[in-house]
Protein chains: 2
Amino acid sequence: MANRSQKENTRERIISSAKKLFAEQGYQKTTVVDISKQAGLSEAALYEYFQGKEDLLLTIPDLWVSELLKDLDEQLFGIKGAFGKLRKYLWWYMRRVEQSPLDAKIVYLFLKTNANFLNTQVYSNVRKLYSYLLDIFEEGRTSGEMRGDLNPRFARDIFVGTMDHIITRWLLKDMSYSLFENLEDIFELMTDAFKAHNSEMLNNLHNEAVGVGSENGGDREALA
Amino acid sequence: MANRSQKENTRERIISSAKKLFAEQGYQKTTVVDISKQAGLSEAALYEYFQGKEDLLLTIPDLWVSELLKDLDEQLFGIKGAFGKLRKYLWWYMRRVEQSPLDAKIVYLFLKTNANFLNTQVYSNVRKLYSYLLDIFEEGRTSGEMRGDLNPRFARDIFVGTMDHIITRWLLKDMSYSLFENLEDIFELMTDAFKAHNSEMLNNLHNEAVGVGSENGGDREALA
DNA sequence: CATAGGACCTAATATCATTAGGTCTCCCGT
DNA sequence: ACGGGAGACCTAATGATATTAGGTCCTATG
């Protein structure tokens, strides 16, 4: 009993030490000695808990992403409309990243470089995390909120790409500002592409209206 | 003379060996012995050319990105319209990536994890590469091709994010398909968000039109 | 033809990751 | 109460690999 929780405790001490050091100095520059010192034990003891440094690198994000995945269902539960869900998804994820910047840093900066990444549990969980988005876009398309010709995969690529880009920059800049700065505006801009109205609706209105919009003085031919 | 070019030659042999091995096995798993063997010399000789393994990691993408930067001006020269330039930018970049997958792999997968990345020449060149986009969006906005309220930075985030996401997936999947698959559709979808017409134009038309579009059966309230 | 410099080599050295082979403590059955 | 055994931890190898020291050899030049 006491043993069990003692052992659990040590394990967690190792994890949080490793997390801190990996995020601070990078995976390569962090030595196993560093980690064990920080956790208050010897190198050898660490090997009782983990197979090695790489195992540690893979375990940390695994825990985090599993937890995210568990939370996601609940977070989206009861939210109405595809755009509502999409917005909640983004805000939720950004907040989780802000709350666990060390985990996020490891996932975004160190994990992808690992040759085994594609075979890890983490990867498969990240895919699940993203596949929720496909459902949301599908829902939006069939409900008519989003364009009828929307391809959920392409929409997901844009959404995830933008999100990851914002997060990666934030991590590289040492988390020196809030992830939510401008998020509203970027969300609005991006989701505009998904909305049902543009050409379809314009076609339904009179075509002659095209070109008279106050902001549209430019040469449209260039688009062709 | 012969010396000079001999030396140049050796340097390039080292670079291309390192590139190949880094991309194949990853940075960590590649040893200096591997690289020098592949290049046909001893480890020690390699240190005549590079300060070490990390220097090599940073040199390789530096060369590539500098070259890209030099090329970009020329590629965009003479292209009319912001959307025209945007499209050319994307197609050009994707092709360069497809042509130099090893360089791309190193930039996208291994570079960001390096603690010094932010202080490297590569980083500053990548920024320059991306800052072209700001100009393009600015041009689009003022010319009226793009929405009047378009924030060039946000548009860039979406554009770069999407592009990088597509490339990263392609690299992780071992470049097993063409980067140009679906590129047209994704480009169309994404740039739709930037186009000048939506709300501005709809507002100019009659507001009562909203909701009667054939594809809009869904509940719009959820958007609020 | 002697020699200086450059390109390269072999053989250290230093820094880790990982493992071998203990010690110490606490708990359990007798 | 006590012997032993299991678990948690330790010190001290071992092995791999980045980096450096200190040459050798070849070539070009006076």
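Just so it is clear: chains get the letters A, B, ... in the order the sequence lines come, proteins before strands, and each one is counted from 1.
- Residues Phe117(A) and Tyr123(A) place their aromatic rings such that the two centres sit under 6.0 Å apart.
- Between Trp91(A) and Phe187(A), the ring-plane angle classifies as perpendicular under the 30° and 60° cut-offs.
- Between Ser42(A) and the phosphate of dA12(D), there is no side-chain N or O to OP1/OP2 separation shorter than 4.0 Å.
- Minimum atom distance to the side chain of Ala45(B) is reached by dC8(C), of the listed dA18(D), dC8(C), dA17(C).
- Counting any heavy atom pair closer than 4.0 Å across all strands shown, Ser36(B) reaches no nucleic acid atom.
- Side-chain contact annotation: Glu54(A) with Asn116(A), donor-acceptor N/O pair under 3.5 Å present.
- Mapping Glu48(B) and Gly52(B) onto DNA chain D via the closest heavy atom, the residue that lands nearer the 5' end is Gly52(B).
- Across the protein-nucleic acid pair, Phe50(A) atom CZ and dT19(C) atom P stand 16 Å apart, rounded to whole Å.
- The CG atom of Leu21(B) sits 12 Å away from the P atom of dA18(D) (whole-angstrom rounding).
- Arg13(B) has its CZ atom 13 Å from the P atom of dA7(C), to the nearest Å.
- The residue Tyr49(A) sits close only to the backbone: its heavy atoms come under 4.0 Å of sugar-phosphate atoms, none of a base.
- If you measure from atom CG of Leu57(B) to atom P of dA18(D), you get 13 Å, rounded to the nearest angstrom.
- Rounded to a whole Å, the CG atom of Asp55(A) is 14 Å from the P atom of dA17(C).
- For Phe194(B) and Phe137(B), the ring centers sit closer than 6.0 Å to each other.
- With rounding to whole Å, Leu46(B) atom CG is found 11 Å from dC8(C) atom P.
- Regarding Lys53(A), its NZ atom lies at a distance of 9 Å from the P atom of dC16(C), rounded to whole Å.
- Within the 4.0 angstrom heavy-atom criterion, only backbone atoms of the sugar-phosphate kind lie near Thr31(A); the bases stay farther away.
- Here the two rings, on Tyr132(B) and Tyr89(B), have centers that are 6.0 Å apart or farther.
- Among dC8(C), dT18(C), dC10(D), the nucleotide with an atom closest to any side-chain atom of Val32(A) is dT18(C).
- The separation between Glu43(B) atom CD and dA12(C) atom P is 14 Å, rounded to whole Å.
- Here dT11(D) is the nucleotide among dT11(D), dC9(D), dA18(D) with the atom lying nearest to any side-chain atom of Ala44(A).
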